[in-house]
Amino acid sequence: MPTSRRRHSVTETDEIARALDAAALVWPQHAADRAVLLRRLIELGAARAGEVAADRSGARAAAVRDTAGIVRSVYPRAGAGGTGDWAR
């Protein structure tokens with residue numbers, strides 16, 4: 001089918017075959033169409049990857065909040081800007 005979108009080739013390795021077989025159990029209505037199962041797995045994986053990215057971002061933000069101000073004596077304050085010679 002003609003398209004302006006990028007296409008990708010995927011070889012059905014043993015690991016991918018197992019993933020598609022498992023997907024066929026989850027979506028039995030698509031068991032005969034491995035391309036549909038592959039798209040479903042990609043969509044599910046993308047959703048999970050988004051969750052992992054959000055979790056990591058939240059963990060980094062929490063680490064910054066938890067450690068903010070812990071080493072106040074390391075950087076000298078200078079003027080209203082609060083930076084010393086180390087910032088130049």
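Counting begins at 1 with the first residue of the sequence.
Rounded to the nearest 0.5 angstrom, Leu25 CG and Leu37 CG are separated by 9.5 Å. Atom-to-atom distance recorded for Leu41:CG and Ile16:CD1 is 9.5 Å, nearest 0.5 angstrom. Rounding to the nearest 0.5 angstrom, the gap separating the CG atom in Leu20 from the CZ atom in Arg40 is 13.0 Å.
For Glu51, the salt bridge (charged side-chain N to carboxylate O under 4.0 Å, His left out) partners are Arg48, not counting sequence neighbours.
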Please lay out, stage by stage, how Thr13 and Arg18 fare under the test side chain to side chain contact (heavy atoms under 4.5 Å, CB included). CA-CA 9 Å; Thr13 62; Arg18 283 192 292 276; over 6 Å; no
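Shown here for Ala17 and Glu12, the closest heavy-atom pair between the two residues is CB-OE2, 3.5 Å.
Under a hydrophobic-cluster definition in which Ile, Leu, Val, Met, Phe, Trp and Tyr are linked whenever side-chain heavy atoms come within less than 4.5 Å, directly or via other members, Ile42 and Val26 are assigned to the same cluster.
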